[in-house]
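For reference, the structure is listed below as C-alpha cells.
Counting starts at 1 for both ligands and their atoms, following the listed order.
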Amino acid sequence: MEKNGQRSRRLVLLPCPFQGHINPMLQLGTILHSKEFSITIAHTEFNSPNPSNHPNFNFLPIPDGLSVQDISSGDIPSLIQRLNVNCKSHLQECLSQIVTGGQQDDIACIIYDELMFFVETVANFLKLPSIILRTTSAATLIARTTLAQLKLEDLVSLEDSVSQDLVPNHHPLRFKDLPFPSSRKLETFSQLVIDMYKIKTSSSVIIWNTMDCLELSSLARIQQQYQVPNLPIGPLHKFGPGPPNSSLLKEDTSCMAWLEKQTKNSVIYVSLGSIAAMDEKELVEMAWGLANSQQRFLWVFRPDSIRGSKNEVLSQIFKETVGERGCIVNWAPQKEVLAHSAVGGFLSHCGWNSTLESICEGIPMICKPCFGDQRVNARYVSHVWRVGLELENELERGEIEKAIRRLMAGKEGEAMRERAKNLKEEVELCIKECGSSSNSLNKLVEMIMSF
Ligand SMILES: O=c1ccn([C@@H]2O[C@H](COP(=O)(O)OP(=O)(O)O[C@H]3O[C@H](CO)[C@@H](O)[C@H](O)[C@H]3O)[C@@H](O)[C@H]2O)c(=O)[nH]1
C-alpha cells in the first residue's frame, strides 16, 4: 500500500481466539488503521473472525492443530497452552515468507494477545519488534500472580475459592475474589501465569485496555516491576472510528426494537459473555429472580450457555408470568444495548470488556462472576468504584430478585447510578485530546514509527 509516495507500515496483530480477546484486538487494529498503518490479522482456524466484516484488514490464517476434543473440553488454560505449542512453527513460516519474500509492505511489528506468548519467540527469530496487548484489568495481573505464587508455595487450594478471608496486602480482595480458573486445574493455571507475565520480556511495549482513572495505582505497581513502558489506552471500543463488528455469533437486532418500546432506565440487561455457562439450578434461580422482580429485562441466552435442559425450565417459569415484560435473544449487539436509554442496569459475569462497556455508558451493575478475572473485576466494581453490587448467595430463592430491586428501584441503586454517571465522565476525559489514554496512544504510535 502506498500513501503520498511512501510505503505504509504493516502491523501484524495476533488475537487469542475467544470473543473477549478478539474484540479488543480488532478494536486496536481499527484505531491503528485510522493512524495510517496497514493491518494484517493473523488468526487461528478455530474461532476465526469473518474477514468480510473487516474489509480494511488482511487476514492470515494460521493452522492451530486443535482436535475436536481440545475444543470441546472446556479446559481453557490447557487449550491455550496447546495453541502456544501448535501455532509457533506455522506462524514463523507464514511470516518468514512475508519478511523474506518482499512482496508486501514492511512489517513494523507484531502485536499479540498476552495469552499467545509464543509470538515473542517468533518475533525474536525474525528480528521483528513485538508488542503485548493485555485484555484484562491491571488488578487482574496482580491477583493472578498472587494466586500463582500462593499455589507455588502450597499456601492456597481450591477450597479457598469460597473463603471470605481477606488476602493479606491485597485490599479489598478476599480469597474468593482471586482469579481461580473454571477448569479447577490450579497447576496448569499457575504455569500459564508464569509464562504469560514474565517480568523480563523482549517485547517493546505493553498495551492495556484500561485507563488511569480506573486503575492508576495498580498500573503504577505493575510499571515498577517491568522495564518496558505499560501504556493504558482504554477503553479501546470508544476510540477512533467506532468499533468493528467482530461477533462470532449472529447478533439478533430485534431486541433493539423491543427496547424502543420501553421507558428510560426501566430494563435490566442480562448477559454472561461468550464463555460462562449456568447449570440448571442457576438457570432456575435466574429465571425466578427475573420473573419475580417485576422488572423489564433483556436476557442474552447463548445456545451453549446452559448445561442441562433449558427450554422446559424457562417455558415453565415464564409462561404467563412474564409475557411482554421480557425479551430473550441468543446474542445481542451489546454495545448498542448498553447505550440505549431504556437500559438502567446490567446483570453481568463481569468479563473485562462487559465491565468497561457498562462503565462507559454509566450503567450500574449486578455482578455474577463465574471464573477467573471476573471475580477480581466484580470486587472492584462493587467495592472500589462502587458502581454495582455483587450477588453473594444467588442460589437462594429471592436473592436475585432482591438484588434487581436494590439496583433498579432503591435509593442504593440511585447512588450507584450517580457514581456510574460520574465515572463515565471521567472515562470520557481519558480519551479526549490530552487525556491520559489519548496521550498513551500517541506515545504508542510514535514508538511504532520509530521501529
Ligand atoms: O450478546 C452479547 C454478549 C456479549 N457480547 C460482546 O462479547 C464481549 C464479551 O467479552 P467479556 O465481557 O470480556 O466476556 P468473555 O467473553 O467471557 O471474555 C473472556 O475474555 C475477557 C477478556 O480477557 C475476560 O475478562 C473474561 O473473563 C473471559 O471470559 C463483549 O465485548 C460484549 O460486548 C456481544 O456482543 N453480544
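Considering backbone and side-chain atoms together, Ala332 places an N or O closer than 3.5 Å to an N or O of ligand 1. On a distance-only criterion, Glu251 and ligand 1 share no N/O pair closer than 3.5 Å. Residue Thr136 has no nitrogen or oxygen atom sitting less than 3.5 Å from a nitrogen or oxygen atom of ligand 1, judged on distance alone. Ligand 1 has no nitrogen or oxygen under 3.5 angstrom from a nitrogen or oxygen of Gln19.
From the protein, the heavy atom lying nearest to atom 25 (O) of ligand 1 is Asp373 OD2, 2.5 Å. Scanning all protein heavy atoms for the shortest distance to atom 23 (O) of ligand 1 gives Thr135 OG1, 2.9 Å. With respect to atom 17 (O) of ligand 1, the closest heavy atom belonging to the protein is His349 NE2, 3.0 Å. Of the protein's heavy atoms, Ser274 OG, 2.4 Å lies nearest to atom 16 (O) of ligand 1. In terms of protein heavy-atom proximity, atom 5 (N) of ligand 1 is nearest to Trp331 CZ2, 3.3 Å. At the shortest separation from atom 18 (O) of ligand 1 among protein heavy atoms lies Gly20 CA, 3.5 Å.
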Check: Asp75 and Lys185: salt bridge (charged side-chain N to carboxylate O under 4.0 Å, His left out), yes or no, with the steps?
Finding: CA-CA 9 Å; Asp75 181 354; Lys185 287 191 186 159; 2.9 Å; yes

Notebook entry, point to check: Are Cys350 and Arg375 close enough, and set up right, to give a side-chain contact (heavy atoms from CB on, under 4.5 Å), and what steps lead you there?
Noted result: CA-CA 8 Å; Cys350 293; Arg375 294 159 170 260; over 6 Å; no

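Residue contacts with ligand 1, taken as heavy atom pairs separated by less than 4.0 Å, involve Asn353 via backbone and side-chain atoms alike. Neither the backbone nor the side chain of Phe18 has any atom closer than 4.0 Å to an atom of ligand 1 (non-hydrogen atoms only). Contacts between Arg302 and ligand 1, counted as non-hydrogen atom pairs separated by less than 4.0 Å, are absent for every part of the residue. Here Glu357 has side-chain heavy atoms under 4.0 Å from ligand 1, and that is the only part of it that gets that close.
Checked against salt bridge (Lys or Arg N to Asp or Glu O under 4.0 Å), Arg134 has the following partners two or more places apart in sequence or in another chain: Glu114.
For ligand 1, the atoms lying closer than 4.0 Å to a non-hydrogen atom of Ser271 are 3 (C).
The shortest distance between side-chain heavy atoms of Leu347 and Trp299 does not fall below 4.5 Å.
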Sequence neighbours excluded and cut-off under 3.5 Å, please list the side-chain donor-acceptor pairs for residues 23-32, or say none.
unit_1: Asn23; atom_1: OD1; unit_2: Gln19; atom_2: NE2; d: 2.6
unit_1: Asn23; atom_1: OD1; unit_2: Ser246; atom_2: OG; d: 2.9
unit_1: Thr30; atom_1: OG1; unit_2: Leu26; atom_2: O; d: 2.8

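Applying the 6.0 Å contact sphere to NZ of Lys198 captures more than 12 heavy atoms from other residues, nucleotides or ligands.
Contact analysis leaves Gly372 out of contact with ligand 1, as no non-hydrogen atom separation drops below 4.0 angstrom.
No side-chain donor-acceptor contact under 3.5 Å links Ser218 to the backbone of Glu215.
For atom 20 (O) of ligand 1, the nearest non-hydrogen atom from the set Arg134, Gln374, His21, Arg375 belongs to His21.
Defined by atom type and a distance below 3.5 Å, a donor-acceptor pair is present between the side-chain atoms of Glu357 and Gln334. Counted by atom type alone, Asn377 and Ser137 present one or more donor-acceptor pairs between their side chains at under 3.5 Å.
Ion pairing between a basic and an acidic side chain is recognised when a charged N comes within 4.0 Å of a carboxylate O; Glu361 and Lys238 show such pairing.
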